[in-house]
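A quick write-up on the structure given underneath.
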Amino acid sequence: MIQRRLIIPPPSRRGLLAAGAATFGGLLLAGCDRLSNAPQFQSLLGSANKATYGAQRILLSGQPLAREFQEKDLSPVFKANGTTLPADPRYQAMAETGFSDWRLQIGGLVARPTSLSLADIRRLPQRTQITRHDCVEGWSAIGKWTGVPLGLILRSVGLAPNARFIVFRCADDLDGSADGSGLYYESLDLIDAFHPQTILAHSMNDQPLAIAHGAPLRLRVERQLGYKNAKYLMQIEVVDRFDRIAGGKGGYWEDRGYEWFAGI
Ligand SMILES: Nc1nc2c(c(=O)[nH]1)N[C@H]1C(S)=C(S)[C@@H](COP(=O)(O)O)O[C@H]1N2
Ligand SMILES: [Mo]
């Protein structure tokens, strides 16, 4: 097993709270129907998945935002960590053509599976945020991220009623395994997936994402530790459970002993 030095202690109490909230969210979905059937609510939501959206709005009303910073706070150097160039020749071929052939696959428990090009993603409504990234190895850096809110994409593909987690699959195999067992992946519950600061970022500090930082697209989930912020996104899969995926713990580092709920 790969050893990393854990400096930030695992927030086990918040982990328990979040687990409880996720279950509560499932229960709430049924009860939200009445609210989401109200006419003004319907016009607000358009074709979005109403029950899920309603449940998320209620749950998130008590969810704090991660602190946002100013331009002057940007770190002069933002360390690149973990993979800095995926070895997969298919990835490198896409990088050579500016990722024009790259597509983000979105599937699993969704009403409308789809795939999006980088141009598609740049055309959607964007959010920019300046936040601090905290790695368990004990370093932090402040960066500016621009991308599309994950919640917006999830609402447009429509979550199935049994959707519980969002799994992110990446292009890099950290172990260099031949069988794909070291492929980086991560997962979030719906609370973090629909959090307003959870974005799929294509730009960092006003520039297209560098390869070292996860080009062409990475997850930014600002209330969780660095390793939850999956780089080199290839696929998003909506699931009801993740215990049958890879090592069963919901992420590459989780499978190697780290907390799944890596709240800061
Ligand atoms: N696909 C992928 N995502 C990843 C990693 C990785 O090795 N591969 N490392 C994680 C860790 S531990 C950290 S701290 C951040 C580092 O992001 P950065 O390279 O932009 O600093 O990415 C996270 N996401
Ligand atoms: Mo990290």
Side-chain angles (χ1 to χ4, degrees), residues 1-11 66 69 74-88 90-92 94-95 99 102 104-105 128-147 150 166-177 180-188 192 197-237 245-247 249-264:
M1 181 191 290
I2 296 170
Q3 292 296 326
R4 305 179 88 205
R5 207 151 47 94
L6 180 69
I7 289 180
I8 301 168
F69 295 80
L74 287 173
S75 298
V77 176
F78 196 117
K79 183 180 153 76
N81 204 32
T83 301
T84 51
L85 173 62
D88 186 343
R90 288 166 300 181
Y91 174 88
Q92 294 193 6
M94 287 191 290
F99 297 102
W102 171 93
L104 178 69
Q105 306 290 336
T128 294
Q129 57 205 28
I130 300 178
T131 53
R132 196 185 68 202
H133 176 103
D134 295 305
C135 173
V136 285
E137 290 171 352
W139 59 272
S140 298
I142 293 176
K144 179 179 183 181
W145 306 98
T146 300
L150 175 62
I166 314 297
V167 177
F168 303 87
R169 297 182 190 273
C170 308
D172 57 316
D173 189 313
L174 260 184
D175 302 346
S177 68
S181 59
L183 280 170
Y184 204 93
Y185 79 106
E186 257 304 337
S187 61
L188 298 179
D192 267 313
Q197 290 169 317
T198 299
I199 65 173
L200 302 180
H202 52 72
S203 294
M204 175 189 188
N205 298 342
D206 298 315
Q207 300 297 320
L209 209 52
I211 287 179
H213 292 293
L217 194 73
R218 78 176 302 169
L219 177 65
R220 289 302 311 171
V221 48
E222 303 295 356
R223 300 180 310 165
Q224 297 220 38
L225 288 171
Y227 62 85
K228 300 291 293 188
N229 292 258
K231 308 195 281 189
Y232 316 113
L233 294 180
M234 299 300 293
Q235 192 196 340
I236 289 180
E237 188 185 355
I245 297 171
K249 299 292 196 301
Y252 176 88
W253 284 114
E254 288 87 332
D255 286 342
R256 289 154 183 80
Y258 282 75
E259 291 285 316
W260 177 75
F261 187 77
I264 301 173

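Because the structure is predicted, anything quoted here is derived from the model rather than measured. Each ligand, and each atom within it, is numbered from 1 in the order the structure gives.
In this structure, F168 does not count as a contact residue of ligand 1, since none of its heavy atoms falls inside 4.0 Å of the ligand. Residue-ligand proximity: F78 is placed with a non-hydrogen atom under 4.0 Å from ligand 1. Heavy atoms of G214 stay at 4.0 angstrom or farther from ligand 1.
Under the 3.5 Å distance criterion, with hydrogens and angles disregarded, a donor-acceptor pair is assigned to the side chains of D134 and S140. With 3.5 Å as the limit, one finds no donor-acceptor pair spanning the side chains of S203 and T146. Under the 3.5 Å distance criterion, with hydrogens and angles disregarded, a donor-acceptor pair is assigned to the side chains of Y252 and D175. Judged by distance alone, the side chains of R220 and H133 do bring a donor and an acceptor atom under 3.5 Å apart.
The ligand atoms of ligand 1 that sit less than 4.0 angstrom from a heavy atom of G82 are 7 (O). Listed by number with element, the atoms of ligand 1 under 4.0 Å from a non-hydrogen atom of Y232 are 1 (N). The A230 neighbourhood of ligand 1 comprises atoms 3 (N), 24 (N), with distances under 4.0 Å to a heavy atom of that residue. The distance from ligand 1 to the heavy atoms of C135 drops below 4.0 Å at these ligand atoms: 14 (S). The ligand atoms of ligand 1 that sit less than 4.0 angstrom from a heavy atom of N81 are 9 (N), 12 (S), 14 (S), 16 (C), 18 (P), 19 (O), 21 (O). Residue W139 has at least one heavy-atom neighbour below 4.0 Å for each of these atoms of ligand 1: 14 (S), 21 (O). The ligand atoms of ligand 1 that sit less than 4.0 angstrom from a heavy atom of D172 are 1 (N), 2 (C), 6 (C), 7 (O), 8 (N).
The backbone of N229, and not its side chain, has at least one atom closer than 4.0 Å to an atom of ligand 1 (non-hydrogen atoms only; backbone = N, CA, C, O). Residue contacts with ligand 1 for C170 involve side-chain atoms from C-beta outward but no N, CA, C or O (heavy atoms, distance under 4.0 Å). When non-hydrogen atoms are compared, ligand 1 lies under 4.0 Å from the backbone of Y227 as well as from its side chain. Contact annotation for T84 and ligand 1: no heavy atom of the residue comes within less than 4.0 Å of the ligand. Counting heavy atoms closer than 4.0 Å to ligand 1, residue Y258 contributes nothing at all. Heavy atoms of A212 found under 4.0 angstrom from ligand 1 belong exclusively to the backbone.
Counting heavy-atom neighbours within 6.0 Å of K249 NZ, excluding the residue itself, gives a total of 12 or less.
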Next item on the list: Verify salt bridge (Lys or Arg N to Asp or Glu O under 4.0 Å) between D192 and R223, making sure each step is shown before the conclusion.
Entry: CA-CA 8 Å; D192 267 313; R223 300 180 310 165; 2.9 Å; yes
Next item on the list: Starting from the C-alpha separation in whole Å, work towards a yes-or-no answer on ring pair (Phe, Tyr, Trp, His ring centres under 6.0 Å) for Y227 and Y258.
Entry: CA-CA 9 Å; Y227 62 85; Y258 282 75; 5.4 Å; yes
Notebook entry, point to check: Between K228 and E254, does a salt bridge (Lys or Arg N to Asp or Glu O under 4.0 Å) hold up when you go through it step by step?
Noted result: CA-CA 9 Å; K228 300 291 293 188; E254 288 87 332; 3.0 Å; yes
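Between Y232 and Y91, the distance separating the two ring centers is shorter than 6.0 angstrom. Aromatic ring centres of W145 and F78 lie closer together than 6.0 Å.
Comparing heavy-atom distances from atom 17 (O) of ligand 1 across K79, H213, R218 singles out R218 as nearest. Among H133, K231, E137, the residue whose heavy atom lies nearest to atom 15 (C) of ligand 1 is H133.
In this structure, I199 and L150 have side chains that are not in contact, with every pair of non-hydrogen atoms separated by 4.5 Å or more.
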